[in-house]
Asker: 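Encoded as structure tokens, here's the structure I'll be asking about.
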Amino acid sequence: MRLRVEFTTEPFDLDEAPTHAVVAREVIQSAELDAVDVGPFGNTAEGGADEVLTAVDSLLRQALASGATRVSLQVNVIEGETR
């Protein structure tokens with residue numbers, strides 16, 4: 001099964017990316033995921049279920065430890081994908 005994760009971390013800072021946002025992006029970019037897209041207002045990545053769920057666990061733990069006060073995320077099954 002393949003999954004897509006979309007996430008944001010808060011609080012926002014429009015002048016400079018907060019530490020928690022940088023950490024969250026680094027976690028996703030270094031995970032064994034594909035179709036990674038990071039941006040100032042949201043981030044997405046796709047991959048196998050095990051890889052996405054492992055990355056989400058690390059993302060939550062590290063972002064919160066780095067000062068995030070809120071992490072919003074959505075995980076979806078990618079229809080038609082069986083890898």
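Hydrogens, waters and symmetry mates play no part in the numbers below; they use all other heavy atoms, side chains included. Sequential numbering from 1 along the given sequence is applied to the chain's residues.
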Asker: First locate atom CZ of Arg70, then atom CG of Leu64, and finally report the distance between them rounded to the nearest 0.5 Å.
Answerer: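 One gets 12.5 Å once the value is rounded to the nearest 0.5 Å.
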Asker: Any side-chain heavy atom of Leu60 within less than 4.5 Å of one from Leu73?
Answerer: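 Leu60 vs Leu73: side chains touch.
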Asker: Of all heavy-atom pairs between Arg25 and Ala17, which one has the smallest distance, and what is that distance?
Answerer: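 Closest approach of Arg25 to Ala17, heavy atoms only: NH1-CB, 4.2 Å.
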Asker: Side chains of Glu46 and Val52, heavy atoms from C-beta outward: is any pair under 4.5 Å?
Answerer: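 Side-chain contact under 4.5 Å: no.
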Asker: What are the two closest non-hydrogen atoms of Ala68 and Thr9, and how far apart are they?
Answerer: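 Heavy-atom minimum between the residues: CB-CB, 4.4 Å.
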Asker: Nearest 0.5 Å, what's the CZ-CG distance between Arg4 and Asn76?
Answerer: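 These two atoms lie 7.0 Å from each other.
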Asker: Considering only heavy atoms from C-beta outward, does the side chain of His20 approach that of Pro11 to under 4.5 Å?
Answerer: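 Counting from C-beta outward, His20 and Pro11 do come under 4.5 Å.
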Asker: Can you tell if the side chain of Arg2 reaches within under 4.5 Å of the side chain of Asp34, non-hydrogen atoms only?
Answerer: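 Yes; the side chains approach each other to less than 4.5 Å.
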Asker: Assess the side chains of Ser30 and Glu26: does a donor N or O sit below 3.5 Å from an acceptor N or O?
Answerer: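 Result is no, nothing qualifies.
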Asker: Supply the atom-to-atom distance Thr8 OG1 to Gln74 CD, rounded to the nearest 0.5 angstrom.
Answerer: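 Taking OG1 in Thr8 and CD in Gln74, the distance rounds to 10.5 Å.
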Asker: Looking only at heavy atoms, what is the nearest atom pair of Ser58 and Val27, with distance?
Answerer: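 Minimum heavy-atom contact is OG-CG1, 3.7 Å.
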Asker: Are Asn43 and Glu6 close enough that some pair of their side-chain heavy atoms sits under 4.5 Å apart?
Answerer: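 No - every pair of side-chain heavy atoms lies 4.5 Å or more apart.
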Asker: Step by step, would you call Thr44 with Val5 a side chain to side chain contact (heavy atoms under 4.5 Å, CB included)?
Answerer: CA-CA 6 Å; Thr44 62; Val5 61; over 6 Å; no
Asker: Take a 6.0 Å sphere around CD of Glu32 and say whether it holds more than 12 heavy atoms from other residues, nucleotides or ligands.
Answerer: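 It does not: Glu32 CD has 12 such atoms or fewer within range.
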Asker: Please say which of Leu33, Leu53, Val56, Asp50 ends up in a side chain to side chain contact (heavy atoms under 4.5 Å, CB included) with Leu3.
Answerer: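 Result for side chain to side chain contact (heavy atoms under 4.5 Å, CB included) with Leu3: Leu53.
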Asker: Glu10 versus Pro18: any side-chain heavy-atom pair under 4.5 Å?
Answerer: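 Glu10 vs Pro18: side chains apart.
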Asker: Closest heavy-atom contact between Ala63 and Val71?
Answerer: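 That would be CB-CG2, 4.3 Å.
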